[in-house]
Amino acid sequence: MEIPESMSAWLARPTGTAGFEPGAWYNGAMWRHLIWASTFVQYWNDLPEVEREAARTDPWELQRVMLASGDDRSDIRNAIQFLARPYAFEPISSSKMKTQIRDSLADRIRGGTGNTPDAIDRDLFAIRAALAPEIEGPFNFWSPGIAELWGSTEPESASTVVETAQVPEPRPRHYWLYSPGSQASEWEEFSASGVMAIGWDQLDDLATYPSRKAIRQALDVDGTGGSMKNAVLALWQFQNEVAVGDIVYAKRGRREIVGRGEVTSDARFEPDRASFRHIRSVKWTHTGTWEHPGDAATKTLTNITAYHDYVAQLEELVAGEVELELPLQATPLPTYDRAAFLKEVYLSEERYERLRSLLARKKNVILAGPPGVGKTFAAKRLAYSIMGVKDPSRVQMVQFHQSYSYEDFMMGYRPTEAGGFTLAEGPFYRFCEAARADDDDRPYFFIIDEINRGNISKIFGELLMLIEAGKREQALRLLYKNEDFSVPANVHIIGMMNTADRSLAVLDYALRRRFGFFEMAPGFDSSGFAQWQQDAGSPILDRLVEVVINLNETIAKDPALGQGFAIGHSYLSSPPGDEEDIWLTSVVEDELIPLLDEYWFDEPAKAEEWAEKLRAAVA
């Protein structure tokens with residue numbers, strides 16, 4: 001069959017100039033799209049001509065027909081709607097993304113009109129009309145000045161279909177150790193010019209290399225197959241991982257720091273420079289000479305962000321003060337509220353309000369539940385929903401274990417390279433001091449994973465009294481420091497406890513009195529999971545969910561197990577990375593069946609019975 005000339009012209013257009021650019025999630029579900037499209041075509045052919053004509057002329061009638069054709073497949077339907085009537089529908093395949101944008105901008109039209117697909121699309125149409133007088137020329141919801149209104153952190157092209165509604169968390173400031181040429185040979189020029197630069201001038205613009213492998217191949221012109229690990233890593237990080245707002249320490253050799261600065265630009269390539277053509281602008285806040293504590297790394301560029309004590313040493317050495325937190329870059333923080341929490345965490349609205357009230361009243365809560373109910377996921381998002389924004393600088397997480405101690409948590413003496421000991425402050429002490437220095441109405445959240453694995457009395461010490469809601473701001477003298485210390489009122493503690501761990505002893509009663517306990521159960525019956533399951537559109541997933549719900553009923557009735565050993569929804573809510581639900585087979589064989597073998601180690605027949613039911617669901 002000959003392709004029409006007009007279609008050939010459309011197909012010949014460069015990427016990004018027409019239609020949309022679907023991602024892996026969309027393409028991975030292509031077989032489901034074809035099923036829906038075929039069903040819709042059959043339904044369309046059976047319609048009376050008068051209804052087809054109405055749908056051809058009225059975009060909302062076309063949408064009504066699509067929705068009436070059978071089980072909705074929103075991603076392909078949204079795509080076809082846009083391609084058929086781009087003046088009425090947005091180039092967005094994700095229903096979640098459409099809802100997020102509508103909810104964020106609903107005040108422009110005095111509130112949304114409903115949550116059905118047609119209501120959301122009509123609201124977006126009205127929002128676009130309301131925004132049009134304020135914007136000069138064509139625009140989309142990722143245009144500068146509009147994306148910020150609904151919380152997008154990454155602008156997209158007008159033709160892009162966004163596949164996910166999740167907004168990435170802001171990136172904390174990073175710290176880097178940097179060599180401005182061999183033995184700081186270029187430092188005088190770089191510091192005077194306000195730049196940092198690296199060599200490897202034989203390479204073109206680093207932005208043209210899509211991966212580390214591409215950089216390695218460009219460096220290895222002789223095809224030796226050598227890894228050149230340090231050079232490749234330095235080039236990749238300089239171009240892609242260093243960011244505006246990061247702190248850079250310039251060094252000479254292994255024993256001397258010569259400057260400290262803040263990165264102020266993205267990476268750029270300046271081919272007219274004689275050498276060191278890969279360059280970034282830096283505001284050098286401190287220049288001089290300082291003796292480096294110990295031996296510095298010899299690499300050109302080293303990310304030292306994870307080494308908190310080392311960063312604190314350098315900050316105190318050069319800047320004369322220690323930053324008690326890793327501040328965020330100076331970019332708007334994404335908003336996050338109750339509605340966002342309920343979309344991501346499979347909890348009912350009533351239980352969310354109860355949990356939030358409990359945390360406000362007790363200051364300390366423990367999320368207790370079986371594996372896979374999303375305790376860790378929920379803890380951080382609970383904090384964000386109370387703060388109103390995704391602000392990782394006010395959230396910190398640690399994990400307890402049998403060897404964890406007061407010295408690790410609060411403060412204690414640690415050995416030095418010189419053979420002595422120095423008093424080191426722990427994460428909770430620093431976190432409290434950061435919260436104390438902030439406004440009282442800005443809440444901070446300290447999250448403790450596996451809180452029941454640690455020796456609570458050993459770890460908390462005098463803090464067991466100070467963390468009580470009624471004793472905040474009361475002070476006690478610290479064990480290792482001649483200083484009175486209190487836990488600020490704006491600090492909240494969220495612990496997580498796995499109720500299915502047989503190795504754990506009964507939780508310390510002193511801790512129980514100071515914490516509120518919130519039971520988290522599998523969320524298969526929540527509206528959030530039901531929506532995710534519907535969007536996934538997988539008959540295999542539907543069958544597996546039904547089997548797991550029945551399995552949980554059996555586990556709950558088992559006197560040796562109980563509800564605390566139920567299978568959580570997290571096992572079945574990860575986005576599929578393989579086509580045709582291969583990931584679900586892996587979940588069954590590699591996660592659920594081994595778990596049942598552990599649960600019913602003394603009843604192998606029972607474990608095998610449920611294993612066969614799980615396998616049948618994904619067959």
Side-chain angles (χ1 to χ4, degrees), residues 144-145 147-148 152-155 168-181 184-201 203-209 233-252 257-290 296-297 299-307 310-312 314-334 390-393:
E148 294 80 1
S152 175
T153 58
E154 294 185 1
E169 294 184 9
R171 171 190 179 277
R173 170 178 286 173
H174 286 194
Y175 292 81
W176 303 86
L177 196 62
Y178 159 69
S179 179
S185 59
E186 310 300 318
W187 175 239
E188 184 175 347
E189 178 204 342
F190 291 176
S191 59
S193 303
V195 300
M196 65 182 295
I198 58 176
W200 293 282
D201 296 321
L203 299 186
D204 294 328
D205 188 351
L206 294 177
T208 63
Y209 296 91
L233 181 61
L235 289 161
W236 178 261
Q237 290 181 325
F238 186 88
Q239 176 67 33
N240 300 287
E241 296 183 14
V242 176
V244 173
D246 284 359
I247 298 298
V248 178
Y249 291 97
K251 66 182 181 71
R252 177 181 286 116
I257 298 294
V258 294
R260 174 193 185 273
E262 180 177 339
V263 179
T264 59
S265 81
D266 292 332
R268 61 184 183 273
F269 182 60
E270 296 188 357
D272 294 335
R273 288 176 61 90
S275 60
F276 292 89
R277 297 169 181 165
H278 311 292
I279 194 166
R280 284 177 177 267
S281 297
V282 176
K283 178 184 177 182
W284 293 108
T285 57
H286 300 76
T287 58
T289 58
W290 296 268
K299 296 187 295 182
T300 298
L301 188 67
T302 306
N303 187 352
I304 59 173
T305 308
Y307 307 103
Y310 181 38
V311 170
L314 294 181
E315 283 290 276
E316 188 170 20
L317 176 69
V318 178
E321 59 183 1
V322 178
E323 293 186 347
L324 296 174
E325 61 189 67
L326 298 180
L328 297 171
Q329 299 178 47
T331 55
L333 295 171
K390 283 189 171 184
D391 186 355
S393 70

Visitor: Tell me every residue that passes side chain to side chain contact (heavy atoms under 4.5 Å, CB included) with T264, counting only those two or more places apart in sequence or in another chain.
Guide: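 Testing T264 for side chain to side chain contact (heavy atoms under 4.5 Å, CB included), a comparison that skips the adjacent residues, returns S281, K283.
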Visitor: Between atom NZ of K251 and atom OG of S179, what is the distance when rounded to the nearest 0.5 Å?
Guide: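 Output value for this atom pair is 4.5 Å.
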Visitor: Can you measure from NE2 (H286) to CG (L317) and round to the nearest 0.5 angstrom?
Guide: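 Between atom NE2 of H286 and atom CG of L317 there are 10.5 Å.
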Visitor: As a quick check of understanding, evaluate side-chain contact (heavy atoms from CB on, under 4.5 Å) for L314 and I247, giving each step before the final call.
Guide: CA-CA 11 Å; L314 294 181; I247 298 298; over 6 Å; no
Visitor: Looking at R173 and G245, would you say the former's side chain and the latter's main chain have a donor-acceptor pair under 3.5 Å?
Guide: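 Indeed, once roles are kept as given, a pair shorter than 3.5 Å links the two residues.
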Visitor: Below 30° counts as parallel, above 60° as perpendicular, anything between as tilted: where do the rings of Y178 and W284 land?
Guide: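 Y178 vs W284 ring planes: parallel.
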Visitor: Identify the two heavy atoms, one from W176 and one from D246, that lie closest to each other, and give their separation to 0.1 Å.
Guide: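 Heavy-atom minimum between the residues: NE1-OD2, 2.9 Å.
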Visitor: Taking side chain to side chain contact (heavy atoms under 4.5 Å, CB included) as the test, write out the residues that go with L233, two or more places apart.
Guide: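 Only R212, Q237, K299 meet the side chain to side chain contact (heavy atoms under 4.5 Å, CB included) criterion with L233.
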Visitor: Examine distances only and state if a side-chain atom of T305 and a backbone atom of Y175 form a donor-acceptor pair shorter than 3.5 Å.
Guide: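 At least one qualifying donor-acceptor pair exists.
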Visitor: Would you give the length of the straight line joining atom CG of D266 to atom CG of N240, rounded to the nearest 0.5 angstrom?
Guide: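 D266 atom CG to N240 atom CG measures 10.5 Å (nearest 0.5 Å).
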Visitor: For A234 and L301, work out which heavy atoms get closest and say how close.
Guide: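 Nearest heavy atoms, A234 then L301: O-CD2, 3.8 Å.
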Visitor: Applying side chain to side chain contact (heavy atoms under 4.5 Å, CB included), name anything that partners R277, two or more places apart in sequence or on another chain.
Guide: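 Partners of R277 by the side chain to side chain contact (heavy atoms under 4.5 Å, CB included) criterion, ordered by chain and then number, come out as D201, F269, R273.
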Visitor: Looking only at heavy atoms, which two atoms of G259 and W290 are closest? And how far apart?
Guide: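 Shortest heavy-atom contact: N-CZ3, 3.9 Å.
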Visitor: Would you compute the distance between atom CG of L177 and atom OH of Y310 and round it to the nearest 0.5 angstrom?
Guide: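 Going from the CG atom of L177 to the OH atom of Y310 covers 4.5 Å.
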Visitor: Going by heavy atoms in the side chains, are Y307 and T302 under 4.5 Å from each other?
Guide: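 Side chain of Y307 against side chain of T302, heavy atoms only: no contact under 4.5 Å found.
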Visitor: Between F190 and P180, which heavy-atom pair has the shortest distance, and what is it?
Guide: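 Nearest pair, atom of F190 first, then P180: CD1-CB, 3.7 Å.
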Visitor: Which heavy atom of T287 sits nearest a heavy atom of S191, and at what distance?
Guide: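 So the minimum-distance heavy-atom pair works out to CG2-CB, 4.4 Å.
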Visitor: For the pair H174 (side chain) and N303 (backbone), establish whether a donor and an acceptor sit closer than 3.5 Å, ignoring hydrogens and angles.
Guide: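 No: the side chain of H174 does not pair with the backbone of N303.
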Visitor: With a cut-off of 6.0 Å (strictly less than), are more than 12 heavy atoms of other residues, nucleotides or ligands near CD of E188?
Guide: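 No, not enclosed.
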Visitor: Let me confirm one number: the CD1-CZ distance from I198 to F238, rounded to the nearest 0.5 Å.
Guide: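 I198 atom CD1 to F238 atom CZ measures 5.0 Å (nearest 0.5 Å).
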Visitor: Within a strict 4.5 Å, meaning less than it, do heavy atoms of the E186 and V195 side chains meet?
Guide: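 E186 does not reach V195 side chain to side chain.
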Visitor: Heavy atoms only: give me the nearest H278-L235 pair and the separation to one decimal.
Guide: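 Closest heavy-atom pair between H278 and L235: CD2-CD2, 4.5 Å.
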